[in-house]
Amino acid sequence: MKNILLLTTGGTISSRPTEEGLAPAGDKDPILSYLPTLKRVYNITVKGILNLDSSNIQPEEWQLIARSIYSEVKNYDGIVVSHGTDTMAYTASMVTYMLLGVPIPVVFTGAQLPIEHPLSDGIDNLRTAFAMAASGKKGVFLAFNRKIMLGCRSVKTHTTDFGAFDSVNYPLVGVVNGGGLSLEERFIPNISHEFALRDSLCRKVFLLKLTPGLDPAIFDMLMDMDYKGLVIEAFGSGGLHFIRRNLIEKLHAASQRGMAVVVNSQCLYESSNFALYQTGQKALEEGAIQSYDMTTEAAITKLMWALGNCQHLYGVRDIFSKNLAGEINEHM
Ligand code: ASP
């Protein structure tokens with residue numbers, strides 16, 4: 001039997017109703033009562049490392065989760081992390097970077113309904129996650145609704161539907177169907193990095209979603225607040241306004257101040273290409289870094305991680321030019 005570690009962090013899957021609404025149950029994590037059938041197939045060890053709604057999972061918790069996985073990797077064939085769905089895509093992306101080259105499967109999962117609810121999707125999601133964790137495939141994955149995707153391509157796209165996550169701009173790496181766990185091995189990236197814990201990050205990264213006519217003074221505020229990095233979700237293939245309210249001028253000021261500015265699209269699917277239009281080319285001339293077809297979650301966490309690991313802007317630019325774990329289509 002494969003040795004699988006389950007790290008629990010809270011989320012709906014582990015929640016019970018309280019007077020203030022659903023909250024993670026803590027010490028007597030309800031997940032534990034649902035493991036006996038899985039225990040017939042796997043040797044399971046459970047460790048509770050957090051007990052949080054994932055809205056409360058922040059950079060400090062990402063580090064704790066990455067460290068917990070790192071310290072256990074050599075003892076198990078695979079690790080499942082149960083996590084709230086709301087920020088799971090961010091955690092899965094960040095953990096992908098922090099644990100590049102991880103030699104076993106690390107699989108995030110959760111549920112839309114508490115596991116004790118008679119109609120919960122939690123049991124199915126755990127089953128899928130355990131099957132993936134026992135697969136021997138290296139990397140960080142997210143298992144949900146009988147689908148397996150790369151952690152760094154996952155996005156929460158539905159608030160209540162059991163198909164809560166999509167693999168954006170990347171095929172699923174596996175599904176569970178009548179044939180059992182069926183994997184598309186060619187889509188599982190072969191990561192050449194030597195495995196290490198790289199858990200430094202910079203929290204001073206801001207996400208700015210453009211709206212028509214947005215006041216450029218927002219950039220001054222971010223610089224005054226000492227933000228080191230900015231991800232701009234621009235329009236369509238890649239455009240920012242520069243008439244009447246000149247955002248390009250502010251990009252110039254930001255790059256003079258050493259702020260790393262990454263640009264991507266508000267469109268969820270397909271790639272941005274800032275070279276296409278004049279409004280985008282002007283941004284590139286001011287030093288904006290393109291994130292092409294990355295998800296916003298993968299871009300934000302990559303920028304935090306790159307700034308935490310590089311002294312200079314050219315290091316950040318270099319990291320963004322590379323596909324580390326399937327998060328970017330390197331042929332763009
Ligand atoms: N609010 C919950 C969380 O993210 C939602 C969920 O787990 O589905 O922790």
Side-chain angles (χ1 to χ4, degrees), residues 1-7 11 13 34-35 37-38 40-44 69 73 76-83 85 88-97 99-112 120-158 161-192 195 268-269 293-295 297-298 323-330:
M1 285 208 284
K2 295 276 177 101
N3 293 314
I4 310 290
L5 173 65
L6 170 63
L7 297 174
I13 193 166
Y34 290 84
L35 295 178
T37 41
L38 286 168
R40 284 192 230 129
V41 191
Y42 312 104
N43 276 326
I44 303 176
I69 296 169
V73 153
Y76 294 94
D77 297 304
I79 298 181
V80 174
V81 183
S82 64
H83 192 291
T85 60
M88 185 153 56
Y90 290 91
T91 306
S93 292
M94 183 55 103
V95 167
T96 300
Y97 306 129
L99 297 178
L100 273 181
V102 66
I104 59 169
V106 172
V107 191
F108 283 83
T109 197
Q112 292 284 54
S120 178
D121 52 333
I123 301 160
D124 250 6
N125 289 344
L126 277 179
R127 285 188 182 133
T128 305
F130 271 82
M132 187 61 196
S135 71
K137 304 296 168 211
K138 303 168 188 174
V140 177
F141 306 95
L142 187 147
F144 220 87
N145 201 30
R146 301 188 179 178
K147 294 177 183 148
I148 319 260
M149 55 196 84
L150 296 186
C152 59
R153 285 290 187 169
S154 62
V155 174
K156 186 174 181 186
T157 53
H158 293 76
D161 195 279
F162 283 171
F165 288 87
D166 278 356
S167 178
V168 170
N169 297 330
Y170 201 84
L172 293 173
V173 300
V175 291
V176 172
N177 56 27
L181 176 67
S182 158
L183 294 177
E184 288 282 357
E185 306 216 7
R186 67 207 153 113
F187 296 131
I188 300 179
N190 199 354
I191 298 168
S192 54
F195 179 48
L268 181 58
Y269 291 102
D293 67 336
M294 291 175 73
T295 67
E297 289 84 340
N323 172 29
L324 302 177
E327 78 283 4
I328 189 168
N329 182 346
E330 58 197 317

Approximate separation, where rounding is to 0.5 Å, of [X] [atom1] and [Y] [atom2]:
{"X": "Asn43", "Y": "Asn3", "atom1": "CG", "atom2": "CG", "value": "5.0 Å"}
{"X": "Asp121", "Y": "Gln112", "atom1": "CG", "atom2": "CD", "value": "6.0 Å"}
{"X": "Ser192", "Y": "Leu100", "atom1": "OG", "atom2": "CG", "value": "9.0 Å"}
{"X": "Ile188", "Y": "Arg186", "atom1": "CD1", "atom2": "CZ", "value": "11.0 Å"}
{"X": "Ile79", "Y": "Ile4", "atom1": "CD1", "atom2": "CD1", "value": "9.0 Å"}
{"X": "Cys152", "Y": "Leu324", "atom1": "SG", "atom2": "CG", "value": "9.0 Å"}

Please name all residues satisfying salt bridge (charged side-chain N to carboxylate O under 4.0 Å, His left out) with [X], sequence neighbours left out, ordered by chain then number.
{"X": "Lys147", "result": "none"}
{"X": "Arg40", "result": "none"}
{"X": "Asp124", "result": "Arg127, Arg146"}
{"X": "Glu327", "result": "Lys302"}

Exam field: side chain [X] to backbone [Y], donor-acceptor pair closer than 3.5 Å:
{"X": "His83", "Y": "Phe108", "result": "no"}
{"X": "Lys2", "Y": "Asp77", "result": "no"}
{"X": "Asp161", "Y": "Ala164", "result": "no"}

Exercise: identify the closest heavy-atom pair between [X] and [Y]:
{"X": "Ile328", "Y": "Met294", "result": "CB-CG, 3.7 Å"}
{"X": "Ala89", "Y": "Val155", "result": "CB-CA, 4.1 Å"}
{"X": "Ser82", "Y": "Ile13", "result": "CB-CG2, 4.2 Å"}
{"X": "Ala111", "Y": "Thr85", "result": "O-CG2, 3.6 Å"}
{"X": "Pro105", "Y": "Gly136", "result": "CG-N, 3.7 Å"}
{"X": "Thr295", "Y": "Arg153", "result": "CG2-O, 4.0 Å"}

Discussion item. Thr37 vs Ile123, test: side-chain contact (heavy atoms from CB on, under 4.5 Å). Steps then yes/no.
Written reply: CA-CA 10 Å; Thr37 41; Ile123 301 160; 5.7 Å; no

Flag side-chain contact, heavy atom, 4.5 Å: [X] against [Y]:
{"X": "Ile44", "Y": "Phe130", "result": "yes"}
{"X": "Thr157", "Y": "Leu268", "result": "yes"}
{"X": "Val95", "Y": "Val81", "result": "no"}

Side chains of residues 137-144: which donor-acceptor partners sit under 3.5 Å, not counting sequence neighbours?
{"from": "Lys137", "atom 1": "NZ", "to": "Glu185", "atom 2": "OE1", "distance (Å)": "3.2"}
{"from": "Lys137", "atom 1": "NZ", "to": "Glu185", "atom 2": "OE2", "distance (Å)": "3.3"}

Item to complete: Take Leu6 and Leu35 through the side-chain contact (heavy atoms from CB on, under 4.5 Å) test and state the conclusion after the steps.
Response: CA-CA 10 Å; Leu6 170 63; Leu35 295 178; 4.1 Å; yes

Worksheet item: Would Thr109 and Thr128 count as a side-chain contact (heavy atoms from CB on, under 4.5 Å) if you check the C-alpha gap in whole Å, the side-chain angles of each, and the deciding distance to 0.1 Å?
Response: CA-CA 9 Å; Thr109 197; Thr128 305; over 6 Å; no

Which donor-acceptor pairs under 3.5 Å do the side chains of residues 165-181 make with protein atoms, sequence neighbours left out?
{"from": "Asp166", "atom 1": "OD2", "to": "Tyr269", "atom 2": "OH", "distance (Å)": "2.6"}
{"from": "Ser167", "atom 1": "OG", "to": "Tyr170", "atom 2": "O", "distance (Å)": "2.7"}
{"from": "Asn169", "atom 1": "OD1", "to": "Glu270", "atom 2": "N", "distance (Å)": "2.7"}
{"from": "Asn169", "atom 1": "ND2", "to": "Glu270", "atom 2": "O", "distance (Å)": "3.3"}
{"from": "Asn169", "atom 1": "ND2", "to": "Asp293", "atom 2": "O", "distance (Å)": "3.1"}
{"from": "Tyr170", "atom 1": "OH", "to": "Phe187", "atom 2": "O", "distance (Å)": "2.7"}
{"from": "Asn177", "atom 1": "OD1", "to": "Gly179", "atom 2": "N", "distance (Å)": "2.8"}

